[in-house]
Amino acid sequence: MLILECPYCGVHADETELAPGGEAHLKRFGPGSDIDDFEGYLFMRENPKGLHFERWRHAYGCGKWFLAARCTATLEVFGTYPAQSAEPPQSIKDAITAKRPGWSWRDFA
Amino acid sequence: MSTRLSTAGRLIDTAKPIKFSFNGKTLQGYAGDTLASALLANDQLLVGRSFKYHRPRGVVAAGAEEPNGLVNLGSNGTFEPNQRITTTELFDGLSATSQNHWPSLEFDVGSINTHLARFLPAGFYYKMFIHPRPLWKHVYEPFIRQSAGLGKAPKDRDADTYEHFNCTVDVLVIGGGIAGLAAAAEAGRTGARVLLIEQTAAWGGRAVVDQPTIDGQTAADWVTTTLAGLAAMENVDIRTRTMGAGVYDHGYVLAYERLRDHAPKASGPRHRLWRIRARQIVTATGAIERPLSFAGNDLPGVLLASAVRDYAVNFGVGIGDRTVIATNNDDAYRTALALHDAGLQVPVILDARAKGGGELADQARAKGIRVENGKAIASVKGGKRVTGVSVCLQAGQGAVLEEISCDCVAMSGGWSPVVHLWSHCGGKLTWDEAQAMFRPNNDRPPTGADGEAMVIAAGTANGHLYTAEAIADGWSAGRAAAHAAGFTAKPEAIPDGSDVPELPLTPVWMMPQGAGYDLRSKSWLDFQNDVKVSDVQLAAQEGFESVEHAKRYTTLGMATDQGKLSNINGLATLSGALNIPIPSVGTTTFRPPYTPISMGAIAGVARDDLFQPIRKTPISGWHESNRADFEPVGQWRRPYAFVHKGESVHDAVKREVTNTRTNVGLLDASTLGKILVKGPDAGRFLDMLYTNMMSNLAVGKCRYGLMCSENGFLMDDGVVARIDDDTWLCHTTTGGADRIHAWMEDWLQCEWWDWKVYTANLTEQFAQIAVVGPKARQVLEKMGGMDVSKEALPFMQWADGTIGGFDARVFRISFSGELSYEIAVPASQGRAFWDALLSAGAEFGMMPYGTECLHVLRAEKGFIMIGDETDGTVIPQDLNLGWAISKKKDDYLGKRAQERSHMADPNRWKLVGLETLDGSVIPDGAYAVAEGMNPNGQRNTQGRVTSTYFSPTLGKGIAMGLVLHGPDRMGEVIEMTKGDGTYIKARIVDQVFYDKAGEKQDV
Amino acid sequence: MSEVVNVRDLGSQGMVTLRGDMSSKAFKAACKALSELAIPDRNKITEADGKGIVWMSPDEVLLLLPHADAAAAVAQFAAAMGAEHHLAVNVSDARALIAVEGPFAAEVLAKLTPADVHPAQFGPGDFRRTRLGQVAAAIWCVAPGSYRVICFRSVADYTLNLLSASAEAGPVRHF
Amino acid sequence: MKRYSVFAIAREAMRQHTGWDRAWAKATPKKKYDAIIVGAGGHGLATAYYLGKNHGIRNVAILEKGWLGGGNTGRNTTIIRSNYLQDPSAAIYEKARSLYETLSQDLNYNVMFSPRGVMMLAQTQHEIRGYQRTAHANSLQGVTTEFIGPHKVKELCPIINIDGPRYPVLGALWQSRGGTARHDAVAWGYARACSDMGMDIIQQCEVTGVRQANGKVVGVDTTQGSIDCDKLGIVVAGHTGVLADMAGFRLPVESLCLQALVSEPIKPCMDVVVMANTVHGYMSQSDKGEMVIGGGTDGFNNYTQRGSFHHIEETVRALVETFPMISRLKMLRQWGGIVDMTGDRSPIISKTPLGNCFVNCGWGTGGFKAIPGSGWAMADLMAKGEPGPLAAEFSMWRFREGKFIDESVAAGVAH
């Protein structure tokens, strides 16, 4: 039963107050885009056993979407940050590096 | 015999006799008794039958680890099977019956199995009943099921209520023994929010039975003092009868409080399920004594040594007059001493250790108790109860040296810490060679959200069997937990416990060491599931080498006690058979709950009317009092039809359709989604959301729009109204309101966060009522107010104004093909407006209609319905809705997906109308068959029906469906499945069956 | 039983959703003008003589006022914001307001919400959007033993019954 | 290998069961195999079995990082049914169900297939239409199902509450030859039969790398050394993503935790499997007497085999409403398994970007019931190098074309 801190309202929300939204930092590919890119955008997922970046919505709360850095093997949470982020903030990256030196996820490291 | 001793027990109040019944026999116990102690006090040793061989079973333990003492408790609405008698507190009028036997407990036909035992080894059913095939289902399986299964199935609805409670604490201490008490006291001193829970009704755990000295007082006095101290702390809550059931991720703990099991007549919930968020968890859950594996160790009268002691000290019950004690450690000597002090005989203590015991042994000898070192039990004599034991050398193969008559055997194979809660969430274990036990590996604890340790094991649960160590460990666990949760205080003196020094135990996994097959096949490991030493050895022999395989193959540890007594002995036996060390065998996974918890408690208050929320419109009250036949739509309940007296539901629908087409109908459309979208970028946003162009919609006008998922599939539709320059109102389907609003917010927050758009879900702010039918305008004009003429308010436009004095927003839109006004008024006025419409409409024959009429009306008109024409695999193009897909836009959600080969495939099934040649109604779900079979031998298909109804207006069946190249095959006749293997002929026609020109809705 | 927790529907209550840049002068001024109140910190509510402002999310507050004044307030806010991007809507009828009052009122809520409503953590002026049983709700503490619950109108009956059942089941005596 | 029978039992009983040999042989890796299957769960073992039985390929190794059958095969709710809506699903699940009918005889191992009947409750008008549609589809797919009314439901399952206040039972989709089987026995039976054919089942052998040369797989690195092979089959359910990563390609798969629980055993009171999708719960009674209950899946990636408790709560809540008598039963044990979900919740049985490397995954919540059919189709694919009719539609590339096999459309959800 996860607890995640909503970066908007600061509430340490119970899992039952949140709605999971799948993998984070997906780039949308629209009309005319390459089929591989489009397939990657809609279907291909990192699905790592370990560090993962994912989307959550504080559904039973302020209603805002946010992103979380979490380990899928231990459920450790390294931090949460606003959905309006092209990549994880340095503070989160540092927090991960402290626990998982040499980590990488897609283009992030 | 088993009887009540003159020496009163600690926990019972002989001044308060209690009457109860067992198998119809009325018996007496005392306040403070458990059902087990009360039965034993009445010499009722035999309490049940085992699972597989239906062997006679007696109580073996005194606590939650009891595998045998399970009964059917209560009757009717309070009946409950598999109640554990050692944890069932006695109450006046308690009525219990024993389980798993026929015809009676004393004489059980099923016990024939015990004589067939040699034919029923581990996994026998995998090897037989294979031929002939039908016999398995019809003969063997029913027999196996009937003979398995323990308690009876409840029949009635549960008469009790349950509830949940959520709380957040800094430190949760599980276990009210001296370690737990010390932990709670120390954590409490720091000011941390502390919750201490104990599964039984009494504090102090084992210490108060054996009474070591703590801080110069007896353990009992120390417990009393400590409890007083805890009670005085504002920040500490202590609870008995509350079991730590499970530890989950991020400090989530389930606790199971049994509020009324001991007092059924009291009011309030029966159980309370605690959902605790703890920053730190201390598991001071104690340890469980292990049985010894010797032949006949399953006979009634063979108990754990500690249990025999508990019954004597706590309940003043002597299990036998003559008790033989078998042990491999010093602790069991305490039982001998306790029995001796209670005036009972202990003919001999058989200590499997060559050198025997320490100080406690000396005390025993001093009292004249015979102590035999290096000796063991070869076998126990007796049938339904112990009559004696034959003694042999532990080192030998069981050659009998002497026979000793006795009526009770107290066994002790050493102690195993209760590591369940430590292990639930990933805590690792380590094998302690010296004490022959798995204990928590404190270097690999369960970790929480921050990746740091969240559980600390304490006391005997942490492998510290001595009082001094246990209490000190508890103290430091409490201190460490509080500190980890951010609380500290100046340390005070560590509670000081004193112990009689003990000699180390010697692991004894088989008694005697060299027991032959005849003995091994009578030495029980799992008493309830009838798993013997020989079964585990057979599993190993057949290659079931992993502990998980052996467990599943033999069913060891899969009984209702989940192996609390059998697991360690079982895997020690396995390691012996495989000749590998115990730690390499490993343990099975510990899963919640620690002991079984009621389904009622898990469901909590969510039963009957509170099972799930029922969403109501402002007009629901009227529906309920006017014979509405409801259908659930999401969490809403919408009237399916309003059934008049003497009508069938079908008649009602016909009447509603005809009346709406000829006079005027009234529909409560309040459940439709109404989402306001506002801002400088709102138009641009809606152009991305809808397949249509919405930015160019003129203020005051309405437009029907489609929404697709990024996969291209049609997911919702509805009418969009342009409110003002930067504001649109989007109508969604009933089911879509919340989903689509969340969908909008998702895109606005996560993709186009620089766009200036705000949304608000106004679905519940308004009651929306559709006035539908040729006389709709007359009704509104009669009510007076705004001009609703065709000129002032043409089709597909909206206007604000008043109607009959109500502030209203009126939409000229139609989902029926009739002249139609959808009128939104503030929800608080919805019911009054509805009533006003009804009275104004009376003279025009106005009648309310339900969802089924709505469906028929739209089907006659050929309008699609999300969920009928769509199913998550249909794209707008399939439904000939290309006209609603803007060609001007280079992007909208779903557009890219619709460019994919399969989406653009000309062979996709397309929407058409269907009507049977004989006017009958095509069955729901019918498929259109095509010639031949596919490579998998399945009949080919060329389409399916999506909506099919009897049309009262046309007096025949009408349908819509998706058909291969349908629109190009008008007039063609295809065959549809009837479902009974036959087919019905249907002609492909235009999907619009009524008012093809669309004149009626535009008058 | 002397200990009783009272659960009742407070009837019609004016509520207006205001969305916009809460840091902007215009937004603050407009709120002030409507309520005489300052915008509260996050997860807080400010209340005074029949009016209140609730922090709902980083770009949204909820204005509490008499039901009759809601429509006018919407217009007034819109006027005050002028061209600045905002949203003001009357949601009075979309929601219900419930009072939960009595010695163990906090425990009644704790039976239904995962939020930590221990009086030591959730006191007067504290506000939380969360879940009660299976529905969304907003709760705040007016005074010790006195709480308010806002839920959607369509589930008002469910929420009332849920709270009543929890109240009738009696205190837990944990808080 | 000694045949199992009542006579064998009797013979062994007379000599203290000393004559039973290992159910499957202990094996150490050879240098090279014609085919290597990664994953000794039900699907992997069945694949190996049919490679040998149907295609004569017996120089096969099945590699298992833990213990055979120790994954989802041993932690599911053992439901077997084939009442699926879409043709490809119905085909492979019905193939599996029909193989289950005679599996005990084929394997000479009693897997206790119990065709007691499976019903899926319709509790809304929408569900009625959905299940009627499925019944029509099944009638053309050679799957025997029927849509039955509430009274037949009550007659088949007396403990059900058909007129609950919230969701009365309006009917059900009934498959009389659906049912359950003993999950462990399925894995053990296949393993024994594979071993009997001379195949090597190598447990405690984790694959650490996939070796390839010019676009083709040539072997694997394992914790027991390197092993060469001509063909590689990846059949590791929730851990498919990890293996695919080693093989150098990605799959449209996510790993989630699915939960289940059992009650304490009681005397027989329910002789059918009931699934109630509107309220999200399903239940059957095991031969031991436990009520076996399926819970929900977490919505987030999870490899811990520990799900979130609120799913258990929702499921039990639903079932107490549907079967009021279980309120006073007790939950004995809850657990979780890692299931692999694809974009359309249907499986993948497919070639991969790596030559001679094949994958079988994505069974999500529906794996156990499919084991024999899945193994049959995967063996066919590995033997011929091209998918046969059963596997044809389950390509890993179908998503890019939008060619979904979506079962959720039939109001039902797969279990």
Side-chain angles (χ1 to χ4, degrees), chain B residues 161-169 193 195 234-235 237 239 252 257 259 267-269 272 274-275 277 604-606 609-618 620 635-636 670-671 676-681 726-727 756-767 807 825-830, chain C residues 1 11-12 15 17-21 59-60 67 70-71 78 83-96 107-118 120-121 132-136 151-159 161-162 164-166 168-175:
Chain B
T161 61
Y162 304 82
E163 75 175 12
H164 295 159
F165 186 69
N166 302 276
C167 69
T168 304
V169 297
R193 267 161 77 183
L195 174 60
E234 273 292 303
N235 55 318
D237 180 19
R239 304 215 155 224
Y252 185 90
E257 184 174 18
L259 294 158
S267 65
R272 177 182 295 135
W274 288 64
R275 297 183 289 191
R277 286 287 190 177
V605 292
D609 291 345
L610 293 179
F611 165 56
Q612 272 186 11
I614 294 180
R615 298 179 69 181
K616 297 179 176 177
T617 75
S620 292
Q635 286 183 325
W636 298 98
S670 305
T671 59
L676 199 70
V677 179
K678 179 179 186 297
D681 295 311
D726 74 346
T727 312
K756 286 186 158 43
V757 181
Y758 287 127
T759 70
N761 185 348
L762 298 181
T763 302
E764 302 203 10
Q765 173 65 17
F766 300 100
D807 293 329
V825 302
S828 55
Q829 294 159 54
Chain C
M1 178 155 133
S12 73
M15 301 185 211
T17 290
L18 304 174
R19 295 188 67 179
D21 173 3
D59 59 8
E60 177 180 346
H67 190 273
E84 184 171 324
H85 176 40
H86 73 281
L87 175 72
V89 280
N90 180 357
V91 294
S92 312
D93 288 3
R95 299 165 189 196
E107 291 188 335
V108 170
L109 294 174
K111 292 178 182 188
L112 304 171
T113 175
D116 184 2
V117 292
H118 190 294
Q121 309 295 320
L132 287 182
Q134 300 169 57
V135 297
C151 66
F152 284 109
R153 176 188 41 72
S154 67
V155 292
D157 287 358
Y158 166 83
T159 311
N161 296 339
L162 197 59
S164 304
S166 303
E168 281 155 25
V172 177
R173 299 199 171 80
H174 171 71
F175 289 165

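Residue numbering restarts at 1 for every chain, and letters A, B, ... go by the order of the sequence lines.
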Residues C:D116 and B:R277 bridged, charged N to O under 4.0 Å: no
Assess whether side chain to side chain contact (heavy atoms under 4.5 Å, CB included) is satisfied between B:L195 and C:H174, documenting all intermediate values. CA-CA 9 Å; B:L195 174 60; C:H174 171 71; 4.1 Å; yes
Part of C:A165 within contact of chain B (heavy atom distance under 4.5 Å): side chain
Nearest heavy-atom pair of B:P269 and C:A169: which atoms, and what distance? CD-O, 3.6 Å
Under 30°, 30 to 60°, or over 60°: which ring-plane class applies to B:F165 and C:F175, parallel, tilted or perpendicular? tilted
By a 4.5 Å heavy-atom criterion (distance strictly below it), what part of B:Q612 contacts chain C: side chain, backbone, both, or neither? both
Under the side chain to side chain contact (heavy atoms under 4.5 Å, CB included) rule, what do C:V89 and B:L762 come out as? Steps first, then yes or no, please. CA-CA 9 Å; C:V89 280; B:L762 298 181; 4.2 Å; yes
Could you pull out the closest heavy-atom pair between C:S154 and B:E764, with the gap in Å? OG-OE2, 2.6 Å
Is the side chain of B:R275 donor-acceptor paired with the backbone N or O of C:P114 at a distance under 3.5 Å, no angle test? no
Contacting moiety of C:D157, where chain B heavy atoms sit under 4.5 Å: side chain
Separation between CG of B:N166 and CG of C:L109, rounded to the nearest 0.5 Å: 11.0 Å
Option that, when pairs with chain C are counted at under 4.5 Å, heavy atom only, ranks first among B:H164, B:Q829, B:R272: B:R272
When the 4.5 angstrom heavy-atom criterion is applied to B:V825 and chain C, the contacting part is neither
Check each atom of C:S12 against the heavy atoms of chain B and say whether the ones under 4.5 Å are side chain, backbone, both or neither. neither
Between C:H67 and chain B, which part of the residue has a heavy atom less than 4.5 Å away: side chain, backbone, both or neither? side chain
Please rank B:P618, B:A760, B:A767 by heavy-atom pairs under 4.5 Å with chain C and give me the top one. B:P618
Considering only heavy atoms and a distance below 4.5 Å, find which of B:T763, B:T759, B:T671, B:N761 pairs most often with chain C. B:T759
Using a cut-off of under 4.5 Å on heavy-atom pairs, state which of C:N90, C:V117, C:L112 scores highest against chain B. C:N90
Are the side chains of C:H85 and B:Y758 in touch, meaning some heavy atoms are under 4.5 Å apart? yes
Given a strict heavy-atom distance threshold of 4.5 Å, which part of C:V172 is in contact with chain B: side chain, backbone, both, or neither? both
CD of C:Q134 to CD of B:Q635: how many Å apart, nearest 0.5 Å? 7.0 Å
With chain B as the partner, which of C:T159, C:L162, C:T17 has the greatest number of non-hydrogen pairs under 4.5 Å? C:L162
Do you know which of B:I614, B:L610, B:T168 has the most heavy-atom pairs under 4.5 Å to chain C? B:L610
Does the pair B:F766 and C:D93 meet the rule for a side chain to side chain contact (heavy atoms under 4.5 Å, CB included), with working shown? CA-CA 7 Å; B:F766 300 100; C:D93 288 3; over 6 Å; no
Contacts of type side-chain hydrogen bond (donor to acceptor under 3.5 Å, both in side chains), residue C:D21, not counting sequence neighbours: C:S23
Is chain C contacted by the side chain of B:A606, its backbone, both, or neither, given a heavy-atom distance below 4.5 Å? side chain
Evaluate side chain to side chain contact (heavy atoms under 4.5 Å, CB included) for B:K616 paired with C:R153, printing each intermediate quantity in order. CA-CA 8 Å; B:K616 297 179 176 177; C:R153 176 188 41 72; over 6 Å; no
So which part of B:F611 gets closer than 4.5 Å to some heavy atom of chain C, the side chain, the backbone, both or neither? backbone
Taking C:R173 for the side chain and B:D237 for the main chain, is one N or O donor matched with an acceptor at less than 3.5 Å? no
Taking atom CG of B:D609 as the centre, does the number of heavy atoms from other residues, nucleotides or ligands within less than 6.0 Å exceed 12? no
Please report the interatomic distance SG(B:C167) to CD(C:E107), rounded to the nearest 0.5 Å. 9.5 Å
Which portion of C:E60 sits near chain B, non-hydrogen atoms under 4.5 angstrom: neither
Considering only heavy atoms, which portion of B:S828 lies under 4.5 Å from any heavy atom of chain C: side chain, backbone, both, or neither? both
For C:V135, which atoms come within 4.5 Å of any heavy atom of chain B: side chain, backbone, both, or neither? side chain
